[in-house]
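The structure under discussion appears below in the form of structure tokens.
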2 protein chains.
Amino acid sequence: MSEQRANHDTRERILDVAERLFMENGYEATSMRLITGAAEVNLAAVNYHFGSKEALLREVFRRRLTWLNDQRLQALDRLEAQAAGAPLKPSQILEAFFGTLLRMGEDEALGGMTFLRLLGRTLTDPAEFIRTFFAGEYAQVIDRYKRALFHALPDVPKAEIVWRLHFMLGAMSYAIAGTDVLEVVTGCGLDDLAGETVSPEDGATVHARRLAQRLMPFLLGGLRAPLPQFGDLPIRQEESPQEVADEGRGSMPHNRP
Amino acid sequence: MSEQRANHDTRERILDVAERLFMENGYEATSMRLITGAAEVNLAAVNYHFGSKEALLREVFRRRLTWLNDQRLQALDRLEAQAAGAPLKPSQILEAFFGTLLRMGEDEALGGMTFLRLLGRTLTDPAEFIRTFFAGEYAQVIDRYKRALFHALPDVPKAEIVWRLHFMLGAMSYAIAGTDVLEVVTGCGLDDLAGETVSPEDGATVHARRLAQRLMPFLLGGLRAPLPQFGDLPIRQEESPQEVADEGRGSMPHNRP
DNA sequence: TTAGAATTTAAACGAACGTTTGAACTAGAT
DNA sequence: ATCTAGTTCAAACGTTCGTTTAAATTCTAA
């Protein structure tokens, strides 16, 4: 009665909540009851509005990736129109590709850091329907940027460029997805290291901006590193590898007296 | 019956199968019945030998990470003893850290590419028990290498080094974990790009070696990239200093056409 | 106002999940 | 041969999963 809700409200509320919970727990570990409970909607609402849990995840990504893909292609269009056929600088290409993404992390209306971290974590998810979904969503954009890099670096073997594009995607995804992980590992938060304090509400925005400032030089340095010389990496060590300790334990069952 | 099996055989068979299935499907999507079915052991065997599904995952990692951590610390010990107090070269530190890991990918007895990909994918898993497990397993080693890098790059702010260590871990993890993902995205397999054909059984070994040859220069280039902000101040470059100017357009500092 | 479509609701569905149980079986020492 | 501790086994435990149903409710348009 008095508790009114606009029709489209349920859909978007589910998407917002699912985006956050998928990021926090992963796809498999996030149940329909957890999502609908946090969104304060009926359990059947997801199936009614989206059809299935898989379709929900796809829609969570689609509403952001459609915009992101457009922005990335437009940014490249602008650069290439401005260059009038001349090769672009690698830094311009990286700025268009990674800068566009990282700017999403500063805008809460575009998903903010929540979506960025969800994206980074889900890119390596082994589930088949996720893999095929991303392949379809990304194929066009990646191909455009790959060709732009080929054109920008005509003296670098194409295979090498593809490898390094791969490495750059990884550095970015992991840097976004695993920030808190590494904070635990390194024993000190990244914010502490930055030497500044910020208000909590600006935390995500500032985080995204700092990340971009740190990440772009790293990616550029990696992309333009000297090419590997064949055989410049020693494969075998001089010392023979030690056997894996079998620690011949006396058997110790866990649930038995 | 005639179907005999040594006592310790069940344990290791479960570990081998779980290692592969956790890599292929992820932790949550891999059920106990799938593991025990593939390992051809009784459903209750996992709980009997390991206690729980979580404890199984921990043991899958522990039997590899114990060896890896030892190797990484020993490699650093050797380098520091050899240097006798002098700062190490960044390339030496990266070789000790990442080379030691990538060498596991060439040795099937140490888990091979299966374990490497499982490790890369699991490092970003949001599950609490996984996060705390890795924090405990990695803390010591990361801290040693972090300090080595501080010593090797005294002119680089420590915060910057931690960020770049983070990025390097990401590039490596993602490169290992998501190889097949990017193959789909880029529309061509990395093996095709490498321009060589190998027998299927050597595939994993060759893959690991190629990955190392491509990854190490990228990581070094990223680690020694010019600093952001007031990026003109130089990072210590003791070997093959690379140009930092991006104005080169077509002419890149790569040392090979 | 009212018919009809769209949405929400409570309840239940069958399947799969991790785990536990107690008996049966195995191997080695006495 | 007997005992004992270690291991395997089939069966079942209670819970949670994603999905479906059909009635109740709300919204929209004539």
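- Rounded to a whole Å, the CD atom of B:Glu40 is 14 Å from the P atom of D:dT8.
- Nearest heavy atom pair, residue A:Thr124 against residue B:Arg121, reads O-NE, 3.8 Å.
- The shortest non-hydrogen separation linking A:Phe115 to A:Val60 is CE1-O, 4.4 Å.
- The CG-P distance, from B:Asn47 to D:dA12, rounds to 18 Å in whole Å.
- Near-neighbour residues of DNA chain C inside residues 18-26 of chain B, defined by a heavy atom below 4.0 Å, are absent.
- Ring pair A:Phe61/A:Phe134: centre-to-centre distance below 6.0 Å.
- Rounded to whole angstrom, the span from the CG atom of A:Asp9 across to the C1' atom of C:dA6 amounts to 16 Å.
- Both tests hold for A:Arg72 against A:Phe97: distance to the six-membered ring centre under 6.0 Å, angle to the ring axis within 45°.
- With the nearest nucleotide of DNA chain D identified for both A:Leu43 and B:Ala45, B:Ala45 has the one nearer the 5' end.
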Polar pairs (N or O, both sides) under 3.5 Å between protein and nucleotides 13-17 of chain D?
unit_1, atom_1, unit_2, atom_2, d
D:dC17, OP1, A:Ser31, OG, 3.3

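- Within the 4.0 Å cut-off from OP1 or OP2 of C:dA6, not a single side-chain nitrogen or oxygen of A:His49 is found.
- Out of D:dA10, D:dT7, C:dT8, the shortest distance to the side chain of B:Tyr48 is found at D:dT7.
- Residues B:Tyr27 and B:Phe129 place their aromatic rings such that the two centres sit under 6.0 Å apart.
- A:Thr122 places no side-chain N or O within 3.5 Å of a backbone atom of A:Asp125 that could act as its donor or acceptor partner.
- Residue pairs meeting the salt bridge (Lys or Arg N to Asp or Glu O under 4.0 Å) criterion with at least one member in residues 21-32 of chain B, sequence neighbours excluded, are B:Arg20-B:Glu24.
- Here the closest heavy-atom approach between residue B:Ala75 and residue B:Tyr145 is recorded as CB-OH, 4.3 Å.
- In this model, the phosphate group of D:dT7 is not approached by any side-chain N or O of B:Thr10 to a distance below 4.0 Å at OP1 or OP2.
- At a threshold of 4.0 Å, the pair A:Glu19-A:Arg117 does not count as salt-bridged, since none of the basic side-chain nitrogens sits closer than that to a carboxylate oxygen.
- Relative to the side chain of B:Asn42, the nucleotides C:dT7, D:dT19, D:dC9 differ in distance, and D:dC9 lies closest.
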